[in-house]
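Reading through the structure tokens given below for one structure.
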There are 2 protein chains.
Amino acid sequence: MRHDDRERKKGASEMLVLALLEGGDRHGYEIARRIGERSEGALRYGAASLYPLLYRLERRGLIDGRWVEKAGQRRRRFYRLTPAGRRELTRLRSDWRRFLDAVARVAELGRA
Amino acid sequence: MRHDDRERKKGASEMLVLALLEGGDRHGYEIARRIGERSEGALRYGAASLYPLLYRLERRGLIDGRWVEKAGQRRRRFYRLTPAGRRELTRLRSDWRRFLDAVARVAELGRA
DNA sequence: TCAGACATGTTGCATTACGACATATGCCGA
DNA sequence: TCGGCATATGTCGTAATGCAACATGTCTGA
């Protein structure tokens with residue numbers, strides 16, 4: 001992924017993770033995998049971006065994590081959206097929509 | 001401007017400035033003013049964000065600056081898009097379009 | 001058995017954006 | 001004429017994010 005993509009992604013990650021958890025509880029690795037899928041490879045997250053982000057979201061009370069260890073399965077930490085997380089997601093979506101529209105308009109990107 | 005906006009803006013600034021210079025040579029203060037106008041206040045740039053950004057773009061050869069001092073006018077530095085800047089703008093537009101679409105799709109923002 | 005996907009984690013660096021501060025001019029109204 | 005506001009450029013230090021590189025261990029299929 002190019003440097004510019006790196007900069008572009010700043011700030012979006014939080015919303016993307018929260019949005020994914022809206023569809024059900026997931027663990028970190030799966031969240032990253034699904035973001036990659038849904039974006040058809042346009043958005044990728046590695047461990048060094050993802051796990052610290054999940055801790056931040058948890059510390060802020062937007063998601064709740066719990067360890068799940070089943071016999072014959074690796075240990076995983078599943079996250080669930082908290083009510084505060086849901087509210088934050090709503091807010092983020094609205095802010096991002098405004099931001100995307102503004103960027104598209106100012107840069108004359110078209111199809112905004 | 002909230003903290004989140006700050007993060008969101010990362011990476012977009014470069015394209016916004018280049019896009020504005022497409023419409024003609026401008027000086028820093030005017031660039032900031034026009035971005036504010038075009039975005040209806042959604043995007044704002046202060047001196048501490050703008051001037052360092054202009055230097056970076058100039059150092060990278062994407063824009064060309066020249067001082068203009070007229071009697072009865074403050075000194076201003078006008079910038080012009082270089083051919084390399086134009087090429088970079090084209091590339092940035094395409095990358096951003098892809099990025100915006102991906103974010104909208106993954107976060108289910110709607111109206112993408 | 002060995003490679004590769006799965007799964008989580010840390011350290012340290014590069015980069016960006018900006019609040020606060022600094023400086024100076026032009027212009028308008030009280 | 002004096003004060004305040006918009007114009008115009010600039011710097012310093014800080015906060016925050018994203019990631020390459022590294023580290024550890026499990027499960028599965030060839």
Side-chain angles (χ1 to χ4, degrees), chain A residues 1-18 25-37 42-60 63 65-79 92 96 99 103, chain B residues 1-18 25-37 42-60 63 65-79 92 96 99 103:
Chain A
M1 190 167 261
R2 275 198 320 297
H3 163 72
D4 284 348
D5 286 305
R6 194 165 166 159
E7 295 307 324
R8 251 190 294 282
K9 277 169 65 179
K10 291 196 179 183
S13 313
E14 191 178 315
M15 178 180 57
L16 297 175
V17 168
L18 294 178
D25 297 8
R26 313 242 185 274
H27 60 276
Y29 194 85
E30 199 192 353
I31 291 172
R33 217 199 66 234
R34 289 192 182 227
I35 291 181
E37 275 175 11
L43 271 12
R44 290 155 182 281
Y45 285 87
S49 307
L50 189 67
Y51 295 110
L53 170 59
L54 289 171
Y55 303 150
R56 290 198 299 270
L57 292 174
E58 188 169 16
R59 191 157 30 85
R60 288 168 51 199
I63 62 179
R66 70 194 148 86
W67 284 107
V68 174
E69 305 197 47
K70 279 187 195 153
Q73 279 199 347
R74 303 160 206 87
R75 96 195 216 284
R76 295 158 157 179
R77 192 164 174 81
F78 279 82
Y79 292 96
L92 283 172
W96 263 87
F99 174 71
V103 168
Chain B
M1 191 167 262
R2 275 198 319 298
H3 162 72
D4 283 348
D5 286 306
R6 194 165 167 159
E7 294 310 322
R8 251 189 293 281
K9 279 169 65 180
K10 292 196 179 184
S13 313
E14 192 179 314
M15 177 180 57
L16 297 175
V17 166
L18 294 178
D25 297 8
R26 313 240 185 275
H27 61 277
Y29 193 84
E30 199 191 353
I31 291 171
R33 217 199 64 233
R34 289 191 182 227
I35 290 181
E37 276 175 12
L43 270 13
R44 290 156 182 281
Y45 286 87
S49 307
L50 189 68
Y51 295 110
L53 170 59
L54 289 170
Y55 302 150
R56 289 198 300 270
L57 292 173
E58 188 169 16
R59 189 158 32 86
R60 288 169 51 200
I63 62 177
R66 69 192 148 88
W67 284 108
V68 175
E69 307 196 45
K70 278 188 194 153
Q73 280 198 347
R74 302 159 208 87
R75 94 197 216 284
R76 297 158 156 178
R77 191 163 174 81
F78 279 82
Y79 292 95
L92 283 172
W96 262 88
F99 173 70
V103 168

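Every chain is numbered from 1 and lettered A, B, ... according to where its sequence line falls, protein lines coming before strand lines.
Under the ring-ring contact (aromatic ring centres under 6.0 Å, His included) criterion, F78(A) pairs with H27(A), not counting sequence neighbours. By the salt bridge (Lys or Arg N to Asp or Glu O under 4.0 Å) test, R56(A) is found to be paired with no residue, residues two or more places apart in sequence or in another chain being considered. Partners of Y45(B) according to the ring-ring contact (aromatic ring centres under 6.0 Å, His included) rule, which considers only residues two or more places apart in sequence or in another chain, do not exist here. Partners of R33(B) under the salt bridge (Lys or Arg N to Asp or Glu O under 4.0 Å) rule, at least two apart in sequence or in another chain, are E37(B). Checked against side chain to side chain contact (heavy atoms under 4.5 Å, CB included), R77(A) has the following partners two or more places apart in sequence or in another chain: E58(A), W67(A), Y79(A).
Regarding H27(A), its NE2 atom lies at a distance of 15 Å from the C1' atom of dG25(D), rounded to whole Å. Counting to the nearest Å, the C1' atom of dG18(D) and the OH atom of Y45(A) are 9 Å from each other. If you take CD of E69(A) and C1' of dA7(C), they are 12 Å apart, rounded to a whole angstrom. Across the protein-nucleic acid pair, M15(B) atom CE and dT16(C) atom P stand 15 Å apart, rounded to whole Å. Between the CZ atom of R76(A) and the C1' atom of dC6(C) there is a distance of 8 Å, given to the nearest Å. Distance CZ (R75(B)) to P (dG26(C)): 13 Å, rounded to an integer number of Å. Rounded to an integer number of Å, the gap from OH of Y29(A) to C1' of dC27(D) is 12 Å. When rounded to the nearest whole Å, the span between CH2 of W67(A) and C1' of dG25(D) equals 12 Å.
Taking CG of L53(B) as the start and CG of L16(B) as the end, the distance is 9.0 Å to the nearest 0.5 Å. How far CG of L43(B) is from CD1 of I35(B): 7.0 Å, rounded to the nearest 0.5 Å.
Distances shorter than 4.0 Å separate some side-chain N or O of S13(A) from OP1 or OP2 on dG18(D). Remark: R74(A) is not in phosphate contact with dT26(D), judged by side-chain N or O atoms under 4.0 Å from OP1 or OP2.
Residue R33(A) is out of contact with every strand shown, counting any heavy-atom pair closer than 4.0 Å.
Residues from residues 46-56 of chain B lying near DNA chain D, meaning a heavy-atom separation below 4.0 Å, are A47(B), A48(B), Y51(B), Y55(B) in numerical order.
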